[in-house]
Amino acid sequence: MSDLLTLRRPDDWHLHLRDGAAMQAVLPHTAQRFARAVIMPNLKPPVTTTTLAREYRDRIRAAVPQGLRFEPLMTLYLTDNMPTAEIDRAREAGFVVGCKLYPAGATTHSDAGVTDVARIDAVLERMAEVGLVLQVHGEVTHEAVDVFDREQRFIDDVLAPLVARHPTLRVVFEHITTRAAVEFVRGARAGVGATITPQHLLYNRNEIFRGGIRPHYYCLPILKTEDDRHALLEAATSGDPRFFLGTDSAPHARHTKENACGCAGMYSAHAGIELYALAFERAGALARLPAFAADFGADFYGLPRNEDTITLQRRPWTPPASYDFGTDRIVPMFAGESLNWSLVS
Ligand SMILES: [Zn+2]
């Protein structure tokens with residue numbers, strides 16, 4: 001087996017960058033590895049207009065370290081009250097690739113999310129007409145539904161009807177976590193894809209409780225069963241172009257994770273390609289990593305594939321216990337544990 005792996009520079013099709021000093025702290029990790037990333041709009045307040053997206057994009061571009069090239073692909077945050085004219089503005093701006101649907105209350109900063117997708121049907125129709133992609137956080141939020149069942153229920157109650165109602169809308173089912181989601185995407189019409197995170201390929205839900213409650217393994221959608229993990233791994237390594245890379249790297253200051261009510265999200269940007277290399281290698285499918293990481297997402301979004309490359313080397317390294325995070329610290333995935341692949345260039 002070769003000790004070097006050179007692949008087309010990948011893109012991250014689902015990323016949280018936050019803002020200000022926190023964004024400046026985490027952005028270099030992503031920009032060292034990825035050419036582009038789809039930037040999630042769940043700031044406080046959320047990025048609901050093209051004007052806010054333009055300003056946010058300018059702040060991100062200004063924070064890219066010298067010598068690196070990185071293109072943020074912006075998204076708008078859908079609310080019950082988004083006017084269809086905003087979709088036209090987003091399309092005209094050129095730098096907005098889609099709109100993110102957060103069911104109200106589903107995850108970090110989602111209080112302003114959509115309370116009922118029927119309310120945004122006109123907006124979704126306009127998105128389909130102008131070619132914007134819908135990115136979906138696919139979980140129902142009713143108290144009565146078990147946290148482990150929320151994705152599956154969303155498929156039946158919301159996503160399948162939505163995909164049928166809008167037959168030309170391109171939809172990304174973000175950060176899928178279940179066998180049910182894999183099967184839905186496999187059986188769906190053309191124009192439906194899914195991103196898969198490194199944590200859902202590497203861990204099952206036991207990880208949250210191994211030896212005690214471990215807040216750094218808490219994310220939403222929450223880690224699922226070993227059977228679900230196998231289904232995701234099989235999908236990611238199958239060569240099916242509907243499944244592609246999206247880290248969902250979600251930085252939270254350490255004290256907000258190590259807390260009586262800890263935030264949801266795992267930080268993976270510091271090893272955003274290395275973690276996938278580990279998962280694919282363990283599955284005996286390293287040869288399938290380049291297309292998953294660098295080809296299928298660009299093809300889905302109708303964007304050119306990157307022309308330059310990155311190289312990974314089989315050389316163990318250990319992510320630190322924490323990284324700088326503005327005025328705080330952030331605990332990364334694999335903190336203090338050995339990772340077998342390193343980024344060399
Ligand atoms: Zn996310």
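Note that the numbering runs from 1 along the sequence shown for the chain. Both counts, for ligands and for their atoms, begin at 1 and track the order of listing.
Neither side chain, H230 nor E234, offers a donor N or O lying under 3.5 Å from an acceptor on the other.
The only option from E174, H137, R150 that meets the side-chain contact (heavy atoms from CB on, under 4.5 Å) definition with P221 turns out to be H137.
Protein N/O/S atoms closer than 2.8 Å to the Zn ion (ligand 1), listed by chain and residue number, are H14 NE2, H16 NE2, D248 OD1.
M74 is listed as a side-chain neighbour of I60, based on a closest heavy-atom distance under 4.5 Å. Looking at heavy atoms from C-beta onward, F95 lies in side-chain contact with T50 at the 4.5 angstrom threshold.
Cluster membership for V331 and Y203, using ILVMFWY side-chain heavy atoms within less than 4.5 angstrom, is not shared.
For F292 and F280, the ring centers are positioned less than 6.0 Å apart.
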